Amino acid sequence: MGIIAWILIGLAAGLIAKALMPGRDPGGLLITMLIGIAGGLLGGWLGKVLFGVDSIDGFFDLSTWVAAVVGSVILLAVYRVLTGARSTHRHA
């Protein structure tokens, strides 16, 4: 798959992850999209390392989308933990 396909999958995966994990995020839509792109790559890598499958078969394969969404959910959760910890230590 080309880089444009990965960006499209990442954008969609970021939005799906946001829908699965509703709530306020400090970064907004742009950060959610970047998390989606990185999550797609993370999901593909985890699928290959943990399960020995090539989850990056093609744009329309279900395994590609599942890997991208799972990776995006993981990164969104990590992002919320890191930014939540940072924002709770601030004093007005």
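Treat the numbers as computed from the prediction; the structure is a model and nothing was measured.
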Could you tell me which non-hydrogen atom of Val73 sits nearest to which non-hydrogen atom of Met21, and how far apart they are?
-> CG1-SD, 3.5 Å

Answer yes or no: is there a side-chain heavy-atom contact under 4.5 Å between Leu20 and Leu76?
-> no

Inter-residue atom distance Leu11.CG - Leu34.CG, 0.5 Å rounding | 8.5 Å

Nearest 0.5 Å, what's the CD1-OH distance between Ile35 and Tyr79?
-> 6.0 Å

Can you tell me how far CD1 of Ile74 sits from CG of Leu42, rounded to the nearest 0.5 angstrom?
-> 5.5 Å

Minimal heavy-atom distance between Ser72 and Ala13, with the atoms involved, is OG-CB, 3.5 Å

Quick one: CD1 on Ile37 to CG on Leu8, what's the gap to the nearest 0.5 Å?
-> 9.0 Å

How close do Ala68 and Ile9 get, heavy atom to heavy atom, and via which atoms?
-> CB-CG2, 3.6 Å

